[in-house]
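Just below is one structure, and these are the notes that go with it.
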Amino acid sequence: IDTSKPVMLLGGRENALSVTRNLGRQGIKVRVSDEPNSWAASSRFCAESFPVPKGSTLAGHWKELLLGKGSERFHGQVVFACNDTALEFLADNRDDLLTHYLLVDSEPRLQRALLDKKETLALARKAGVPTPNFWSIKNASEVDGIRNEIRFPVMVKPIHSHKFNRIFGRKLFIVENSFDEVAEKIRLSHEHGMEVMVVEMIPGPDSLLASYNTYIDSAGNNLYHFTKRTIRRFPVNRGGACYHITEWLPEVAELGQKFFKGIGFKGIGNVEFKRDLRDGRLKIIESNARFVAAHELFVRSGAPCDLLVYCH
C-alpha cells in the first residue's frame, strides 16, 4: 500500500481518534485540526495537531490553515471530515480545496442536504424509503394544528443537530405526552435561533436500530458494504450507542442501497434505520456522509473503511 500521502482530519471525537490510530499504524502521517481538547490530537499516532485558536471558528481556522498563507506545506494531502461542521466546510469550499487536496467523492448539494434532518426525510420519501411521520413547525402556535395527527412520544428535532448540540448539549428534545411541552420546546429552540421540526418517535427498544455503511465512487460503484445493529444506548432511547453488534443484515443493506442510489449519493455513506413494530417496516432515522462514532468497531471487525477510502 502506498502510504506516502499524509492525511488531515477535521473535527470529530471517537471516530477521529479511531481513524488516527488505524491509519497511523499503517505508517500514514496523520494530522488533526479541531478544538483544543481533541481526542485524536492526544494520540501518539497524531503527527501534528492544529487546534483552533481562541476567538476563531472552526471553519475560519480551517480555511486559513488549508487555503491561506503558508498552506503550501499541506498541498497534496488527503482531507477527511469527521464531524458535521467539517462536512459543511468541505462542501462550501470544495472547488478551492480540490485545486490542492484529495477529497472523497461527493455531491456538495447532497452533503448539505443530509446535514438537514428535514431534507433527509424528504429525500428518503422521494426515494421510496419509509420514514417516521414528521411536521414542519414555523412557530409554537402551529402545534395545535397537528394535535389530531401526533402519536406520542415525539421528538422536537433540530434541522441541523450539530448547531443545536452546541447550544443545548443534546441532539433533540423528547416529549412523552404533552402538547404544551412540545410548544414550549419549540419556543425555546426558536429563542436560540434554532429551526426545528416535530418527528414521530418510533416506539420500542434501541435494539430495533440498525445501520448500513458504504462508499460510492464517482462511477456509482460501492467500495464496501457493512451493516451493524445496536444493542443498547445510554441514556436509553436518546443517547449515543454504547453496545453494537456487527452482523450482515440483507434487508438493511438493500434499503440503504435504495436510499443512496435513489438520491444519487456519492462518497462515504451511513444510514440508520429503526424497525417500527406497529407495521413491521424499517424507517430511516438519519444519514451521515462521514466516518461515524462506531468506526472502531468496523476496524476491529475487519472492515477498515478509512484505509479503503484512503487507498481509493
Side-chain angles (χ1 to χ4, degrees), residues 1-68 70-87 89-90 97 100-104 162 165-166 213 215 223-224 226 228 234 239-246 267-268 270 288-312:
I1 298 174
D2 180 0
T3 61
S4 61
K5 295 286 185 184
V7 170
M8 177 73 79
L9 302 183
L10 304 181
R13 295 186 67 187
E14 56 270 82
N15 59 341
L17 176 59
S18 178
V19 173
T20 299
R21 288 171 169 169
N22 190 46
L23 296 185
R25 288 189 182 107
Q26 311 302 321
I28 299 166
K29 185 174 185 176
V30 180
R31 298 176 171 122
V32 173
S33 183
D34 195 9
E35 302 285 0
N37 59 351
S38 165
W39 296 359
S42 299
S43 170
R44 67 181 181 274
F45 293 106
C46 175
E48 288 184 278
S49 66
F50 304 90
V52 59
K54 188 175 182 180
S56 297
T57 64
L58 281 171
H61 174 58
W62 291 335
K63 190 164 188 176
E64 181 62 28
L65 182 69
L66 297 176
L67 295 171
S71 62
E72 296 82 7
R73 64 178 291 230
F74 303 125
H75 288 182
Q77 70 182 355
V78 177
V79 181
F80 285 150
C82 290
N83 67 10
D84 290 348
T85 303
L87 278 176
F89 168 76
L90 292 186
L97 290 167
H100 305 296
Y101 302 101
L102 298 173
L103 307 181
V104 301
H162 61 297
N165 192 49
R166 284 200 294 265
N213 304 270
Y215 184 100
L223 297 188
Y224 57 83
F226 191 84
K228 71 162 187 69
F234 182 82
C242 54
Y243 185 14
H244 314 249
I245 187 168
T246 60
I268 301 169
N270 160 272
N288 292 291
R290 54 173 170 76
F291 302 121
V292 293
H295 186 75
E296 184 67 13
L297 178 68
F298 301 177
V299 172
R300 296 195 185 205
S301 299
C305 306
D306 50 359
L307 185 59
L308 293 173
V309 177
Y310 173 85
C311 291
H312 170 68

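Looking at V79 and F89, their side chains never come closer than 4.5 Å, going by heavy atoms from C-beta outward. Annotation: side chain of V309 is not in contact with side chain of V78 (no heavy-atom distance under 4.5 Å). The closest side-chain heavy-atom distance from L307 to L23 is below 4.5 Å. Under the 4.5 Å side-chain criterion, counting only non-hydrogen atoms from C-beta, K29 is in contact with E48. The closest side-chain heavy-atom distance from D84 to R290 is below 4.5 Å. In this structure, the side chains of H75 and E72 come closer than 4.5 Å at one or more pairs of heavy atoms.
Summarising the geometry, atom CZ belonging to R300 is positioned 10.0 Å from atom CG belonging to N22; distances are rounded to the nearest 0.5 Å. To the nearest 0.5 Å, atom CD1 of residue I245 and atom OG of residue S301 are 9.5 Å apart. In this structure, CG on L10 lies 9.0 Å from CG on L58, to the nearest 0.5 angstrom. Of the inter-residue distances, the one linking H244 atom NE2 with C242 atom SG reads 7.5 Å to the nearest 0.5 angstrom. Between the CG atom in N270 and the CZ atom in F291 there is a gap of 11.5 Å [rounded to 0.5 Å]. Note that the CG atom of L90 and the OG1 atom of T85 stand 11.0 Å from one another [nearest 0.5 Å].
Of the options F80, Y101, F74, W62, a side chain to side chain contact (heavy atoms under 4.5 Å, CB included) to M8 is made by F74 and by none of the others.
Judged by distance alone, the side chain of S33 and the main-chain N or O of F50 form a donor-acceptor pair under 3.5 Å. Checked by atom type and distance alone, the side chain of N15 pairs as donor or acceptor with a backbone atom of C82 at under 3.5 Å. Under the 3.5 Å distance criterion, the side-chain polar atoms of Y310 are matched with a main-chain donor or acceptor of K5. Judged purely by atom type and a 3.5 angstrom limit, T20 uses its side chain to pair as donor or acceptor with the backbone of A16. Of the possible donor and acceptor atoms, one in the side chain of S43 sits under 3.5 Å from a partner among the backbone N and O of F45.
Scanning all heavy atoms of the two residues, the minimum distance from P6 to R31 falls at CB-NH1, 3.7 Å. Considering every non-hydrogen atom in both H61 and P51, the closest pair reads NE2-O, 3.4 Å. When all heavy atoms of V32 and A40 are compared, the closest pair comes out as CG2-CB, 3.9 Å.
Within a 6.0 Å sphere centred on CZ of R73, heavy atoms belonging to other residues, nucleotides or ligands number more than 12. Residue R166 qualifies as enclosed at atom CZ: its count of foreign heavy atoms under 6.0 Å is above 12.
You'll find the ring centres of Y224 and F298 outside the 6.0 Å limit.
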Can you check side chain to side chain contact (heavy atoms under 4.5 Å, CB included) on V299 and S18, steps first, answer last? CA-CA 8 Å; V299 172; S18 178; 4.2 Å; yes
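Contact check on D34 versus R13 returns no salt bridge, with no Lys/Arg side-chain nitrogen under 4.0 Å from an Asp/Glu carboxylate oxygen.
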